[in-house]
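Below, chain A is the first sequence line, B the second, and so on; all start at residue 1. Please read all numbers here as calculations on a predicted model, not as lab measurements.
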Amino acid sequence: MIKDRVVTLSATILLLCIVMSFLFPSQFPTVDNFSQIMLNLSIDTIVAVGMMLLMISGVFDLSVGSIVAFSGGLAGYLMYYHDVNFLVAIVAALSGSLLIGFINGFLITKIGINPMIQTLAMMGVVRGLSLMLSGAGIQNFPYEYNYIGQVKILSLQSPIWYMFAIVLIFSYLFKNIAFFRRYYFIGSNEKAAHLSGIEVEKMKLWGFVIVGLLAGIAGILLSSRLGAALSTSGKGLELRVITAVILGGASLAGGQGKIVGAFLGAAFMGIVGNILILTRVSGYWQEIILGIILILAVGIDQLIQKKK
Amino acid sequence: MIKDRVVTLSATILLLCIVMSFLFPSQFPTVDNFSQIMLNLSIDTIVAVGMMLLMISGVFDLSVGSIVAFSGGLAGYLMYYHDVNFLVAIVAALSGSLLIGFINGFLITKIGINPMIQTLAMMGVVRGLSLMLSGAGIQNFPYEYNYIGQVKILSLQSPIWYMFAIVLIFSYLFKNIAFFRRYYFIGSNEKAAHLSGIEVEKMKLWGFVIVGLLAGIAGILLSSRLGAALSTSGKGLELRVITAVILGGASLAGGQGKIVGAFLGAAFMGIVGNILILTRVSGYWQEIILGIILILAVGIDQLIQKKK
Amino acid sequence: EAPPRTGGSGNNLHSTEIITVDTVSANEEYVMITTAINMPMYVNHDQAAFKMWAKKMGVKASILGPSEWDIPAQIATFEQVIPQKPAGFLVNGTDPGIAQVINKAVDAGIPTVVYDSDIPGARQHSFIGSDWYEMGRLQGERMVKILNGKGKVVVMGILGMTNMEAGFQGFLDVIKKYPAMEFIGKYDDKANVELAAKITADLIVAHPDLAGVAGFDGNSGPGIALSVKEANKIGKVKITTVDAEPEHLQLVKEGVIDYLVGQKRELFTQMGAQMLFDMRHKTIAFSKNDAKAGVVPIPKKIITGSIEIDKSNVDLFIK
Amino acid sequence: MKLGLKNISKSFEVIKALQNVSLEFHKGEVHAICGENGAGKSTLMNILTGNIQPDAGEILLNNQIVIIQNNQHARSLGINIVYQERSLTDGLSVAENIFPLPPTKSFGRINFVQLHRQTKALLRQLDIGEFSPETMVATLSPAQKTLVEIAKALATNPAILLLDEPTASFTDKETTILFSVIRTLKKRGVTVLYISHRMAEIKLIADKVSVLKDGKCQDTLSTNNCTTEDIIRLMVGRDLQQVDVATHSSEEVVLSVKNLCGKGFNDISFDLKKGEIFGLGGLVGAGRTELAMAIFGAIPANGGTILKNGQRIYNRHPKQGIANGIAYLPEERKTLGVFLQKSVAENIVSARLYGKGYNVKTNNQKAGEYSRTLNIRSSSVQQLMSKLSGGNQQKVVLAKWLNTQPDVLIVDEPTHGVDIGAKLEIYKILKQLTADGKSILLISSEMEELLLLSDRIAVMREGKIKGILHKKETSENEIIKLAAQ
Ligand SMILES: Nc1ncnc2c1ncn2[C@@H]1O[C@H](COP(=O)(O)OP(=O)(O)OP(=O)(O)O)[C@@H](O)[C@H]1O
Ligand SMILES: Nc1ncnc2c1ncn2[C@@H]1O[C@H](COP(=O)(O)OP(=O)(O)OP(=O)(O)O)[C@@H](O)[C@H]1O
Ligand SMILES: [Mg+2]
Ligand SMILES: [Mg+2]
């Protein structure tokens, strides 16, 4: 069943691509277009990998979008206002993101605050912080900082490579490393996992730390790619990412999902977005059609699986 | 435990009120202030009652905010562009909202689409529809329509009365009527509920219909209170309402919560917002402090309950 | 492949060949890139005027962008359209962060005009719009005038947005000059009527002597007005705000809102699009090859100015 | 290793789950713990595995006082357990479930080769050939899952193994496997603490038996020189009356199933008579549960007819089943039977929520009555179901179905995890129901139970009825022959 989602989603994406290639032969199936699509889904995917990890263990994090803004904001703030070296700024931004994840995890696991409330509250707190840091936006970063997100390797812009690296690494980890494997135990039966000697609380705390770190990386890449830190970046990203992850086979109940599903879910959303642009669907219809496509994609999948 | 949340939250609210009354004796504990707070949380609370129902049964609905805009938009559209009688317009708007809830429920229970994906997609679709209906905003409603949300009874504006009526009615229903009682069973163990002869799917479908209807009522009240139907109303309402409901004792896992908790959760958020402004917290700090207060409120509650 | 070292600094001597065409074709497509694409103000002014212009000229007008206020998504949309080489780009200048992608379009040889707010770091061919600082200043001055130079005032809008922050600054710079005016703070209504109403209601309680509220997004005005009405404070709490949508005008007529400062948004897109057209079709040429010569044959910057509305002239605006 | 308990006490709010319990377990002995539901057996196990801390008393390991902090600590001390409640992860393989902390190579990489080798060895030791280490746990039957849990406990090579009702979902086949494993362990010097409500098993496998009653240790007997009756007397404090097994079956047919087909069963026909207890025998996986669920309306039937009192009925939903006077007590209590976070009273009324009103007071009254007649042990009917012992939960579920006043009661393994006293009470209740003119369809994997209660027994194999036997004329052997063949 879990496997199936990866398969059906891949098939859906492939089908979409084939149809679009026939409809827009000169625009859709081009290297340019695909590298654009990839580039644009790279940030979401990096966060989605972390979200998938959390959802496998049965929780989710609404503060990721704010962390994306915060991380870029903090790096930008340090470089712009305090002339801090770009590497130091990045380390500081990532440490900050990690710390936010840690606080989330700590309060959720040790104090027992409901994860949704905690991360929602944190979403507000961190958004406020990043607003203070980046105000109406910071620009004019050092060249080296912009290089990170703008350099092209084999004619693909770097965030794409980061995305693939992260997806591959986490896929590997979730297949082969005992530590990550345990998230499946936690997600399917927390009590039983505890009784099996798994340190559920510590693992969950780590989960939030990891998602914080990944959101921080995404924030650095986004701001470096844009050459600007915006206090509004990452708004709404949390829902988009959770959607992608559920599309990719996770469930709110936990215990299922694969890392590659996070990428596929984001890729589906990215391709649909591209299609909406190519077909020039605009305005009111955009939201309506996007919604209908989502429902159709999941609905048909369900019907097929039921038939089986 | 469930009871406790209602009690602890009431106590927290009371404590907050007492402290504030001492600090701001001439501003906080006034009839004016309270009726303003109530008025501003009435719309949220009406939707929160429906959300509480859903969360008791173990699901939630992200499309409520859009339904609020849609309902007002449809009523306004009919009255303004087609000179429809205000009562007919209201009936149409409520039927429309109900239908949206029905579609949500149908696709979730019969096709098996993940509730989060379904209602998120519906959120987009309905937002698009309401943009089409109300465009730049519709005004100049018949006097009778505006009367509904603007009339004052015993010096309290009508939405407050609607809110209380709905909270009381649903509280009663959830205590005394078997139909509503069943939602607790569905939320605690869906399979066992099915075997107990509870029509789980039908009940869930009804749940979405009810929340659609309540969001529709909220939309009518909001637009009538405003004297205008704006396509942006209800944006972000879904998360606000879910927060209120979880604060009020619901859990994402289902099976617990009380209707009055929805009101208390919304009231807590409303009062905290009021306090932030009374204490002159700056706009930039608002979200940060609001987040911290949320965490504190839930965290302390948890610590107390753990001690027990 | 490393990115270019210069972020660009309005350098028009860039020798990119601009794609020009002699004949006008019905398939010629002009693309508007915006964000919050469904915002009524955008739809009814920017987009409507743009579409009308295209119809008149017999060309295609496409309007693209995310439904939410989402700058990265606006950039993503923009980037995905550049490879399709449309006839011209009309870009909503939402945030300095879009500078790079504007330069990408310029480097691709596509005529590009930014409207609404100027983007400092970008090499767009032209900017047409208004000055948000100026709009804030106008509101500030009117506020001072109707309050006779004294009283408590607040501003409300979306915190952190470049144009709004500029507006707040304009407002503040005026208020600062009057010692009897007390500035209480900036509040975030997230472009949401309910929130604007709630904050205003709370403000009225916290400051019973609140004298004025200035709004900076399209939903600030209706929200502020609602709470002022409900608290029976009409006339006691003065309201100035941006935009001149029907509900704003209605509220001015009712005397709830005292002053509106509107933008000439139709001009942004209608004139902007015309400039794109002129550039593409070399309507005016200054040399044998303007691009090579480093000449951009359209105005570099057009400031459209504002529309000021109050009770005295509101009837002229109500349709 | 020698394990000793000295004056262990534990209370949950008002309930004294254990009071001054002192026991000794010696190396290489199989020591059974007996007691009624709620006597404190699982609590004792939880104390030994560090899941809960005793209020008073000491635990001695080789005469040294130890404080067992948590179950990991217990494991490191050589104590491991198979819990009464299942604790596997459906989405992972058998191997990964058995070794939640698997063997690793450098950087914490799982050594899958070794993991599967180890698992295979364990499965072989348990004589399991039907599934491999890579099998997904979700696809296993309840009994197979319990075997996996036993393998999981054995994987840590415990010196003391606690088994809390391991045979509850077993048929004789699995029980035989388990017993041979226990005998091997015993030879290796492993101490086994064995909890079971099946008296015959205790005589068969245990060396000693300790009896708990109301949280107090009654006595420790050697199984060689005591009878089952002795044990039962200690458990319940009196001699148990034999169940009156006189038949109340009449000739009137209440339920007539004709050529019923569905997923897991095929072409099933039988008549259930008024006042009859109709047994369904067979091995695990014979399709009895599916048949019962289809009759009740919980899963769809693909063909065939069901007549009740001569009238054709269509049960497409449990609601219709209930309305047609049929009740179904499910096999899997935890997932299908109980609302753990609801009170006892709410659980009891949960199948009768079709009225309009919901009155807490009358519900509590009703629940109180059932609580008394079925001797349900809880601090009050308001207590959360999750706080009840397993057997008491079972009684609550039975009460819930009795509360629907059915004409036909289908009970699927009704005495799983129920103590001997309560078991006989349930037998009595079932018989009493037939005396009142109700009919019962009894699914049971316990041969004695089946033979004792049923008037007729249908034996199922691979989804088909292989024969319908009259109790008087049949024997255990005949049933087994039909079931296995
Ligand atoms: N967490 C708890 N909170 C409150 N009471 C509890 C808790 N756990 C057990 N009890 C009570 O303690 C008593 C002993 O329970 P225990 O589970 O040890 O019984 P048991 O002997 O294992 O019964 P069974 O044979 O039914 O499994 C019961 O009355 C039970 O209700
Ligand atoms: N979770 C499951 N997933 C897949 N197949 C299952 C599952 N549980 C049982 N089965 C299979 O379904 C069939 C019927 O099983 P079931 O347990 O209902 O039989 P049964 O005759 O009712 O046995 P009993 O009641 O004695 O346990 C068997 O082939 C069994 O292997
Ligand atoms: Mg027990
Ligand atoms: Mg079975």
Side-chain angles (χ1 to χ4, degrees), chain B residues 24 26-28 30 32-37 39-41 43-44 65 68-69 124 127-128 130-132 134-140 150 152 157 159 222-223 225-237 240 269-271 273-287, chain C residues 36-45 48 67-69 154-160 168 184-208 217-219 222-223 225-227 229-233 243 245-251 254 256:
Chain B
F24 299 90
S26 66
Q27 291 141 303
F28 187 78
T30 66
D32 259 10
N33 189 28
F34 270 83
S35 69
Q36 277 306 326
I37 293 178
L39 181 58
N40 281 309
L41 62 84
I43 305 291
D44 280 15
V68 166
R127 180 64 65 188
S130 53
L131 279 160
M132 285 190 175
S134 45
I138 303 173
Q139 296 166 283
N140 297 324
Q150 295 181 15
K152 286 193 176 177
Q157 207 168 320
L222 181 62
S223 62
R225 179 185 159 208
L226 265 171
L230 302 181
S231 57
T232 50
S233 356
K235 270 208 172 167
L237 179 123
R240 239 167 34 232
M269 302 285 284
I271 289 174
N274 187 262
I275 291 174
L276 287 184
I277 287 177
L278 271 180
T279 51
R280 310 207 174 180
V281 171
S282 113
Y284 293 97
W285 282 96
Q286 291 242 343
E287 282 199 85
Chain C
I37 190 166
N38 295 321
M39 201 196 283
M41 181 178 77
Y42 289 174
V43 175
N44 297 315
H45 302 279
S67 50
E68 300 296 320
W69 184 276
V154 302
V155 295
M156 208 178 286
I158 308 172
L159 300 189
F168 296 156
I184 291 178
K186 306 179 196 171
Y187 290 90
D188 196 347
D189 63 20
K190 299 186 170 34
N192 183 309
V193 181
E194 295 115 279
L195 261 183
K198 184 181 173 354
I199 293 171
T200 308
D202 290 339
L203 278 168
I204 290 173
V205 171
H207 307 278
D217 67 61
N219 285 319
L226 176 64
S227 271
K229 263 200 269 185
E230 285 173 346
N232 282 326
K233 289 271 194 177
D243 288 3
E245 295 301 304
E247 67 262 22
H248 295 88
L249 298 173
Q250 182 66 33
L251 287 164
E254 287 172 22
V256 187

Could you work out, with side-chain contact (heavy atoms from CB on, under 4.5 Å) as the rule, every residue matching N44(C), not counting sequence neighbours? A136(B), P40(C), E245(C)
Is it the backbone or the side chain of E68(C) that comes under 4.5 Å from a heavy atom of chain B, or both, or neither? side chain
L230(B) portion near chain C, given a 4.5 angstrom heavy-atom threshold: side chain
List for me each residue that meets side-chain contact (heavy atoms from CB on, under 4.5 Å) alongside D32(B), sequence neighbours excluded, and say none if there are none. T30(B)
Count the heavy-atom pairs under 4.5 Å between each of E247(C), M41(C), H207(C) and chain B, then report the option with the highest count. E247(C)
Which atoms of Q150(B) come close to chain C, meaning under 4.5 Å heavy atom to heavy atom: side chain ones, backbone ones, both, or neither? neither
In terms of heavy-atom proximity below 4.5 Å to chain C, should I43(B) be classed as side chain, backbone, both, or neither? neither
As a quick check of understanding, evaluate side-chain hydrogen bond (donor to acceptor under 3.5 Å, both in side chains) for N192(C) and N219(C), giving each step before the final call. CA-CA 6 Å; N192(C) 183 309; N219(C) 285 319; over 6 Å; no
Between L203(C) and chain B, which part of the residue has a heavy atom less than 4.5 Å away: side chain, backbone, both or neither? both
Can you tell me which portion of S231(B) sits under 4.5 Å from chain C's heavy atoms? Options are side chain, backbone, both or neither. side chain
Which portion of V43(C) sits near chain B, non-hydrogen atoms under 4.5 angstrom: neither
Between V68(B) and chain C, with a heavy-atom cut-off of 4.5 Å, which part of the residue counts as in contact: side chain, backbone, both or neither? neither
Part of P246(C) within contact of chain B (heavy atom distance under 4.5 Å): both
When the 4.5 angstrom heavy-atom criterion is applied to L237(B) and chain C, the contacting part is side chain
With a 4.5 angstrom heavy-atom cut-off, which part of I199(C) approaches chain B: side chain, backbone, both or neither? both
Using heavy-atom distances under 4.5 Å, tell me whether R225(B) contacts chain C through its side chain, its backbone, both, or neither. both
What part of D44(B) gets within 4.5 angstrom of chain C, counting heavy atoms only: side chain, backbone, both, or neither? neither
Side chain / backbone / both / neither for I138(B) at chain C, heavy atoms under 4.5 Å: neither
